[in-house]
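Numbering of ligands and ligand atoms starts at 1, following listing order.
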Amino acid sequence: MQRISHWIGGQRVAGRSGRSGPVFDPATGQQTGAVDLADVGEVDEAVASAVAASRDWRRASLAKRAAVLFAFRELLHARQDDLAAVVTAEHGKVLADAAGEVARGLENVEFATGVPHLLKGGYSEQASTGVDVYSIRQPLGVVAGITPFNFPVMVPLWMCANAIACGNAFVLKPSEKDPSASLLLAELWQEAGLPDGVFTVVHGDKTAVDRLIDHPDVAALSFVGSTPVARAIYEAGTARGKRVQALGGAKNHMVVLPDADVDLAADAAVSAGYGAAGERCMAISVVVPVGAVADPLIDAIAARIGKLRVGAGTEPGTDMGPLITAEHRDRVAGYLDAGAGAGATVVVDGRQATLPASGFFLGASLVDRVEPSMSVYRDEIFGPVLSVVRRDSYDEALALVNANPFANGTAIFTRDGGAARAFQTDVEVGMVGINVPIPVPVAAYSFGGWKASLFGDTHMYGPEGLNFYTRGKVVTSRWPDPASSSVDLGFPRNR
Ligand code: NAD
C-alpha cells in the first residue's frame, strides 16, 4: 500500500497528524494507497515554507520565470503518458481521456510562458504637463488552490501556471480521492528549476481547507468543486478579506433544434454525456430536443449507448471507466429509480449493462420525459446519466436553460446561424458551445460559469487568471526643476 505524503520545501514530507484517507483503484475496487491528511500545524508549516520562497520568487525576473515555465512545459509534454497513467490509476477515466486532460492542462502552461508579454503595463507619457503615469501588476504573495477529484492534473494547472508565472508561491490542496498526480507535478516543477517552496502540496480534507481559509499569510483562494463547498469557501474567504474565485457544480443542457443533424447531435450527446463516466463539470447532463427531433434523437443516442464498452481505463478499446467510489456509484444509480418513480421513462438502464465483476462500474443510462420538478433533473448527478427534457419551441428550451440555478456550460445544435446567434446572446450561462458539446475555452480565454456555478468576480485561467493572481498599481511620476517648486494646497489638477 502506497503512502501519499505532502510536498513541502521541495521534498516529500510524511504526515504527522495520524490521520489518513483511503485511495482506491476504482477499476478493481481495491485500496491502493493512503493519503496523509494534514492538521493545522502541518498546513502552517507548508504556508511558512511558501511565504519564505515567495520573497525571492516575486523578485525573479520575468525572463527567469518564463524560462522555468518553458522547461516545465517540456517536461509535462515528455511525461504526459506517465501523468495520464497516474490519473487513470486513481480516478479511473480511460487513458486517452486522461491524456486529453493532461493536454488541456499543458495549454495553460503554454499560455503562462508568455508572462513577459502578458504582464506589460500601460504607460502614458505626459499624462499631465511634465507628469508620466504607468501601471504595473504585482504578485499577491502566497495563494492557495483547492481542487476536485475529477481533473487531478488539469485543474491544478489551470491555477498554478498563472499564479507562479505572476510571481506568487502556490499551495495546492488536491482532492484526497486521487492525490498522487499532484506529487508528480511537484517533481516536474522542481526538475524545471522552480525554487523549492514556490509549489507546495498539502494533502487533507476540511481541516486543511479551513486552515488555508483562516491563515493570515494566504492572500487568495482558488477553488473548484461542488457548489455547497464553493459557496462556503467564497463566503468564509471573502469575510476574511481574501480574494476568492470558487467554481461550483453544473447541470449542462444541450439544446437540439429540429433542423440539427441527428447523427451529429447524437454523437455529441453520447461523447459529452458519458465521457469520463459523466464526471466532468462540463459534461452534458440534459438533452433538450425541440419538437419532432426528439424521437429520432433518442433512438440514435440509445443505439450508440449499446455499443459503449465499459471497463478498466487501462484496457485498450474501453470507452468508459468506473466511477470514483462505490458510494458515488450507488448514489448515481439511485437517480434511475427516483426518476422512474417520479414518472420519467428509463430508456436505457446502466445497471443492466455488461460490467466488470469488481470495481465501481455503472453503465450509461438514458432517461426520457424528465421534468424540472424531478430530482434527476434538479440535482447534479455527476455520473453517466443523460436526462431528456422535451420542449416544443426554441423559446421554451431557452427558458428551461435560463431557469436552472446552475450555469456552467451549455450547447446548441442547429444548422441555423440566426438561431445559434440568438442563443449565444440570450442564454444566461458562462460558456456556450455552438455545435460544440463541451465548450471548455482555450487557454487564451478564461473559464467560468455563472450563477451557482461560480462565486466571485473572476473566471479561471487566461487573462482573468492573471488579474486574479496580481494586484494593480498605478504610478504617477514627475521630475520637476526644484527652482519652479512652490507650496500649493489646492487639489492637484491636470494641466
Ligand atoms: P468537492 O466539493 O467534494 O471537493 C472539492 C475539494 O474541496 C476537494 O479538495 C475536497 O477535499 C474539498 N472539500 C470537500 N468538502 C469540503 C468541505 N466541507 N470544506 C472544505 N473543503 C472541502 O468536489 P469533488 O467531488 O471533488 O468534485 C466534483 C465537483 O466539482 C462537482 O460538483 C463538479 O461539477 C465540480 N467541478 C466544477 C468545475 C468547474 O469548473 N465549475 C470543474 C471540475 C469539477
Could you tell me whether F406 and H253 have their ring centroids closer than 6.0 angstrom?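 No, ring centres 6.0 Å or more apart.
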Go through the structure and list residues passing side-chain hydrogen bond (donor to acceptor under 3.5 Å, both in side chains) with Y234, not counting sequence neighbours.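 Y234 satisfies side-chain hydrogen bond (donor to acceptor under 3.5 Å, both in side chains) with no other residue.
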Show which side-chain atoms of residues 361-368 pair as donor or acceptor with protein atoms under 3.5 Å away, not counting sequence neighbours.
residue : atom : partner : partner atom : Å
S365    : OG   : G350    : N            : 2.7
D368    : OD1  : R390    : NE           : 3.2
D368    : OD2  : R390    : NE           : 3.4
D368    : OD2  : R390    : NH2          : 2.8

Protein residues having a heavy atom less than 4.0 Å from any atom of ligand 1: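 Around ligand 1, where the cutoff is 4.0 Å for heavy atoms, the contacting residues are I146, T147, P148, F149, N150, W158, K173, P174, S175, E176, K206, V209, F223, V224, G225, S226, V229, L247, G248, G249, A250, C281, E380, F382, N408, F447.
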Tell me whether T113 contacts the main-chain N or O of E110 through its side chain, where contact means a donor paired with an acceptor under 3.5 Å.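 Confirmed, T113 side chain pairs with E110 backbone.
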Distance-only donor-acceptor pairs under 3.5 Å for side chains of residues 23-30, two or more places apart:
residue : atom : partner : partner atom : Å
D25     : OD1  : A27     : N            : 2.9
T28     : OG1  : D25     : O            : 3.3
T28     : OG1  : Q30     : N            : 3.1

Decide, yes or no, whether a salt bridge links E315 with R309 under the criterion of side-chain N to carboxylate O below 4.0 Å.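 Judged by the 4.0 Å cut-off on N to carboxylate O distance, E315 and R309 do not form a salt bridge.
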